Amino acid sequence: MAGDAAAQTADARAAVPHLGRAIRARRRALDLTLKDLGLRSGLSVGFLSQLERDLATPSLSALSGIAGALGASRSMPSWPRRARPAA
C-alpha cells in the first residue's frame, strides 16, 4: 500500500513539473514571504516550503487557496477544446 501511495505521488509530480518553482516565482514577484502566503491561503509555511521545493503535492483545495492568495484565477484554465462532432 505504501508503494502505491509513493507511486501516485511521483505520478502527480511528473504531471505538473515545476509547479513549485512557478508558485515561488509568483510569490516573490508579489514580494510575499512564505508566512504571508500561508496567512492568505490558510496553509502552513512548512507545507508551502515543501511545495515550492517540489517535495509535496498539493490537493485541488490547496491549489485553489494558493491561486487566490497569489491573485490567479481559481477556475479551470481555458484548455484547447476539441471540435464537437456535428449532430
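Since we're looking at a predicted model, the values are computed, not measured. Here, residue 1 is the first one in the sequence, and each next residue gets the next number.
Put simply, Leu39 and Leu70 are part of two different groups of oily side chains (I, L, V, M, F, W, Y) that touch within less than 4.5 Å, one to the next.
In this structure, the side-chain contact (heavy atoms from CB on, under 4.5 Å) partners of Arg24, at least two apart in sequence or on a different chain, are Arg27, Arg28, Glu52, Arg53. For Thr33, the side-chain contact (heavy atoms from CB on, under 4.5 Å) partners two or more places apart in sequence, or in a different chain, are Lys35, Asp36. Residues forming a side-chain contact (heavy atoms from CB on, under 4.5 Å) with Ser61 (at least two apart in sequence, or on another chain): Ser59.
Scanning both residues, Ala69 and Leu32, for their nearest heavy atoms gives O-CD1, 4.3 Å. Residues Ser41 and Gly65 approach most closely at CB-O, 3.7 Å, considering heavy atoms. Minimum interatomic distance between Ala56 and Phe47 (heavy atoms only, all atoms of both residues): CB-CE1, 3.8 Å.
Taking OG from Ser49 and CG from Leu43, the interatomic distance works out to 12.5 Å, rounded to the nearest 0.5 Å.
Two residues are said to be in side-chain contact when any heavy atoms from C-beta on lie closer than 4.5 Å; Ile66 and Leu48 meet this criterion.
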Under the side chain to side chain contact (heavy atoms under 4.5 Å, CB included) criterion, do Leu30 and Leu37 qualify, and how do the steps go? CA-CA 10 Å; Leu30 294 173; Leu37 181 55; over 6 Å; no

